[in-house]
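Okay, so here's the structure we're looking at.
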Amino acid sequence: MAEISEAHDSDSSKSTDNASEAPTQPESEPEFNPKLMRKTKPGLKRLFLTFSVLFSFLLGLQFLWKSVEIYRSPLPFREIDSLSTQLGSDHLIFPLHFHALFVGFDSDPDRLRLSILSEITKLTSQNPKCSHNYTLSVTVDSGSHCLHSPTTSPHSCSYQCGSITAIDFDQNDDVAIDERLVPVFGGKTNEYSVVVVKGESERAVVGKNRRAWVVVGSGREVEIAVVKVAEVLVKVFVNGGREEGSIRNEFMPVGADGRIVLSFNLLNADPRDWVYDWDFRKIDNNLLAPMIEALGPVANISVESQVLYHTPKASFSYWDQQLQSYVFSTKDLPFFVNSNEWHLDTSIAAGGRSKILQFVVYVPSAKECPLLLQLPNGEISNTNGFISPMWGGVIVWNPQGCLKDDNKPTARRTIPMQDLENMFEVFTGQFRQLFGFKSVNIYAGASGVWNLLPSERGFTEWELDVLSRQHTCFNLHSCASTLGSLSRLVQSLPRMIIMDEIGKQVKFSLEAAKLAQSNASNGVYESSAASSRQARSLAEDAFFHPSIMSVSYYSFEHCFAVYSL
Amino acid sequence: MATFINFKALVQLLLLPCLLLCSSIAYNSSSVKATMHTNNWAVLVCTSRFWFNYRHMANTLSLYRTVKRLGIPDERIILMLADDMACNTRNKYPAQVFNNENHRLNLYGDNVEVDYRGYEVTVENFLRVLTGRHETAVPRSKRLLSDEGSHILLYMTGHGGDEFLKFQDSEELQSHDLADAVKQMKEKHRFKELLIMVDTCQAATLFNQLQSPGVLAIGSSMKGENSYSHHLDSDVGVSVVDRFTYYTLAFFERLNIYDNASLSSLFSSYNPSTLMSTAYYRRDLYQRRLEEVPVTNFFGSVMETIHTDAAYKALSRKISDRSESQISLDQSIHREERRMLININVCDEIHDVSTEGQEDDSKCPWSAFYRKMQKIENVDSLVNYGLVAMLPFLVFSTWLFH
């Protein structure tokens, strides 16, 4: 650059010299330095050079852009939205088939069918979330011939005319009657049957296997029968004996990952008086295992047990002279559980999103023995137990005669097997209560009392159907809302990294939800419950993935804020 | 012109209350089915460390003691403390923390279970506790396992300012972070009602950005005001309690678990002249009337109980039939094998679905190329190779045109 300026200076000095002498003569051109100056205009070469630099910059820019790109696994937003709208508008519809069999009547089946249908529509509540699609077929067996309505229904053809008579229902053994009815009807999962017969003693029983029967006395049999049939179909078989159609959230004790941990605790309030132990393994193998297997589609259940010592309760009891025992009332129940001394939640196996249900057997100290629960109407409870929804249940067990063994007070005694069995029957009742069913085996409806036969597995087939349907409904809605929240969250944070794992979980969750929906519309409740549980747990895993923390990602303003003062 | 503007303003004036009415009707009709209140949780956070912030830890421990006394168990309390006071070398009373100069109560005495201590008290952990997004290995005692029937008490104390709260002298929690976390909690139904109590300077600004329904918030001071400590303990050498917390504790010392004093009596017990600041509470997001809400709804324990009417009697034939334990042993082994088989099948299923997803893309060649590109795991090395490859090109072009 210095050379050019010097040349320029010499040039200017020369021109001034020339100017001072005689401006008229045309001067020879200034000295041409080919190294520094050029004669021709810049042409293609410079253009090419400029473009090559520009091109390399643009090429580099692509790599730069790629290197600072935030990895976001592509989530199927449209499918998530379509799942939400599908569940919202279409409502999840469960198909159900009802079959009513009238034995010993001669009424017209079509008329009966219409009247039963009208009663059913009267009783059906408007459940916005999940509805049911009923089909009803009626068969009238008047001894000599059978009439069906509708005549071409495939379901009613499975019943052979004359295979049931009123004599079968004369005996009082309901279980035997239930067994007797097994080969008569088919065994499909979404068919429910009611048998109406005439007899002397009026009885209404719901069996273990999706069958119920009514024995009506003489008189206005048909009208009563129609009302009772409609009631058992809607209130018992569809709603499970509850008032409203859907379960409230506090009776859905299944954890977000589809697991429940049942924690059985034997609490010795004061081990200086007596120390009790129990043979839990036998109970687990014999009584709990069938129940856990029955609930397999609804929840993945595991069982733990422990024995604790020095666990007094937090509420007080008073001595009742009449009953010769210590009494605590239902008002004390909320304060019974002494969570400061009862260290119940020590499960290592339970994951972070499982639900733990505590079942507590409380053995009182000698100072408070026997300890009985008094109900508000003055009676003494015959189970001595209570539940708290979403927490578990407590039973108070008093040692036989409250006898203290002063010779060996700390000898470990075992709870007798008979008492243990009784206790576990109460536990089964409490477990049913936690799922929203009643622990008594009676349904008191508007038209009379129905006797519900119990099952060895803790839940009858139709109760398991009710659970499967309602948990499918709940799980699918929960899954859809979780995925919706996730998609909204992800779209609101454009600079957040979304890992592949989240994308996979969302994909599998949507597949499971689709499978659950198709199974539900085909009437296969168990597998739809299992798929819906998987869909919900995957959606929860995706939403609660630990990498989705907005505080870990910078906002767009930070790109400029770093340059400000 | 003026009449036109007036008319427009009039129309807007008439429209606004109609809109409000419609929105309120719509809101009321949407919240039809209320869930039962089943349990109470408490999250107590002390955001300061160092010896001169003794009073913040005493605040939090006092509230911890109150809440435990009124019935909330340790398994439902998340306590986050820096925990460097009791065993501090400057503590004249080792392993003892007091909140009053009369030293009547040792807050660190027995049964204190701190869930997050020391350097674990960070904004990230706090937000993880609230939103529930933990790593899989985090134990249950460190998680907020609330559900849609829970009432949560969130108490925070420390140093704060306009729309922020200082955490451990190194980071800050902003009001929009807190509002965002509460919004996510509400979406996932992690609480039924939430009571936020903040005892810092300018505390009321921390919940300016809250919008979720069911939240009640009270702060010890308003914007521009400081919250002061109550008194100095000349023996220990530092202030031992803050005014807001001191008067809160004075209110609760009179209660036991059976009482039903209401929240409005708690809030009206704060006197601005003794607090030397205005305790401001925000109730526009909270539907219930404060006179009807007992304080034990948040500070005590509640257990909805239902009596068990009868036992379920179908099981009586079970055990007496099976007298041989051998059979039961075989059955249990068989059952466990079956469980293992089921697990293996499930794993295989998931594996199959994932491989299936990959094969679908092989139809289109462009997608095959794209897949290959995606398979390149180390993008950084690719970028480096690209940049390095450009260098000879640059050298070549400069040499050519030199």
Side-chain angles (χ1 to χ4, degrees), chain A residues 45 49 52 56 59-60 63 66-67 248-250 282 285-287 289 330 333-335 337 339-340 345 350 352 375 381-383 385-391 393 417 421-422 424-426 428-430 432-433 439-440 454-456 458 485 489 504 508 511 543-546 548-552, chain B residues 33 35-36 38-39 68 71 73-75 111 123-124 127-128 132-136 138 140 143 147-149 177 180 184 187-188 257 301-316 318-319 322 325 328 331-332 335 350 353-354 357 379-380 383 386-387 390 393-394 397 401:
Chain A
K45 225 192 255 181
L49 200 64
S52 72
S56 61
L59 197 67
F63 286 108
K66 182 83 184 148
S67 70
R248 294 167 60 173
N249 284 342
E250 50 266 12
K282 230 186 236 178
N285 290 339
N286 298 336
L287 297 180
T330 48
L333 290 183
F335 308 104
V337 176
S339 300
N340 279 332
D345 194 2
L375 299 173
S381 156
N382 51 4
T383 56
F386 63 95
I387 64 149
S388 178
M390 298 299 264
W391 181 83
M417 195 39 91
E421 282 182 16
N422 294 344
F424 273 84
E425 285 172 2
V426 180
T428 312
Q430 290 182 337
R432 287 166 54 90
Q433 273 186 308
S439 59
V440 290
S455 148
E456 288 88 28
S485 304
L489 179 65
K504 277 207 200 103
F508 292 147
E511 280 172 15
F543 186 82
F544 285 110
H545 198 267
I548 307 178
M549 287 292 293
S550 64
V551 79
S552 313
Chain B
K33 200 169 62 168
T35 48
M36 214 196 278
T38 47
N39 51 31
K68 271 185 77 162
D74 266 321
E75 61 203 23
N111 227 353
V123 172
E124 185 189 341
L127 291 177
R128 280 190 193 279
R133 295 203 170 98
H134 298 275
E135 303 284 334
T136 23
V138 170
R140 284 174 71 92
R143 293 181 190 235
D147 51 35
E148 56 269 316
D177 286 328
D180 190 49
Q184 290 197 33
E187 277 210 25
K188 281 307 292 171
I257 53 179
S301 96
V302 68
M303 259 186 119
E304 280 292 324
T305 51
I306 302 175
H307 172 244
T308 309
D309 297 311
Y312 196 70
K313 286 242 177 252
L315 310 176
S316 47
K318 297 292 289 184
I319 294 187
R322 303 185 192 215
S325 55
S328 58
Q331 280 188 342
S332 65
R335 209 171 354 105
I350 294 180
V353 177
S354 60
V379 181
D380 287 333
V383 168
L387 285 172
M390 272 174 31
F393 174 69
L394 212 60
S397 57
F401 302 114

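Throughout, a chain's letter reflects where its sequence line sits, starting with A, and its residues are numbered from 1.
- Residues B:Tyr312 and A:Gly429 approach most closely at CB-N, 3.9 Å, considering heavy atoms.
- For chain A, the option among B:Gly149, B:Gly71, B:Gly132, B:Ser397 with the highest count of heavy-atom pairs below 4.5 Å is B:Gly132.
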- Query: Going through the checks in order, is the side chain to side chain contact (heavy atoms under 4.5 Å, CB included) test met by A:Val426 and A:Asn422?
  - Reply: CA-CA 6 Å; A:Val426 180; A:Asn422 294 344; 5.8 Å; no
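- Annotation: maximal heavy-atom pairing with chain B below 4.5 Å, among A:Val440, A:Ile387, A:Asn382, A:Leu489, occurs at A:Ile387.
- With a threshold of 4.5 angstrom between heavy atoms, B:Met36 approaches chain A through its backbone and through its side chain.
- The contact between B:Asp180 and chain A is made entirely by side chain atoms (from C-beta outward), counting heavy-atom distances below 4.5 Å.
- Most heavy-atom pairs under 4.5 Å with chain B, from the set A:Val337, A:Leu375, A:Thr330: that is A:Leu375.
- Heavy atoms only, all atoms of each residue included: A:Pro334 and B:Met303 are closest at CB-O, 3.5 Å.
- Per-residue heavy-atom pair counts under 4.5 Å with chain A were compared for B:Asn39, B:Asp177, B:Leu127, and the maximum is reached by B:Leu127.
- Contact between A:Pro389 and B:Thr38 at its shortest, heavy atoms only, is O-CG2, 3.9 Å.
- The salt bridge (Lys or Arg N to Asp or Glu O under 4.0 Å) check on A:Arg432 picks up A:Glu463, with sequence neighbours excluded.
- Heavy atoms closer than 4.5 Å to chain B are found in both the backbone and the side chain of A:Phe543.
- Both the backbone and the side chain of B:His307 have a heavy atom closer than 4.5 Å to some heavy atom of chain A.
- With rounding to the nearest 0.5 Å, the separation of OG in A:Ser388 from CD1 in B:Ile306 is 8.0 Å.
- A:Ile548 touches chain B through backbone and side chain together, each having a heavy atom under 4.5 Å away.
- Looking at B:Glu75, the atoms closer than 4.5 Å to chain A (heavy atoms on both sides) all sit in the side chain, from C-beta outward.
- Interface residue B:Arg143: only side-chain heavy atoms are found under 4.5 Å from chain A.
- A:Phe544 does not carry B:Arg128 over the face of its six-membered ring by the limits of under 6.0 Å from the centre and within 45° of the normal.
- For chain A, the nearby parts of B:Glu304 are the backbone and the side chain; heavy atoms of each come within less than 4.5 Å.
- Between B:Val383 and A:Phe63, the shortest heavy-atom distance links the atoms CG2-O, 3.8 Å.
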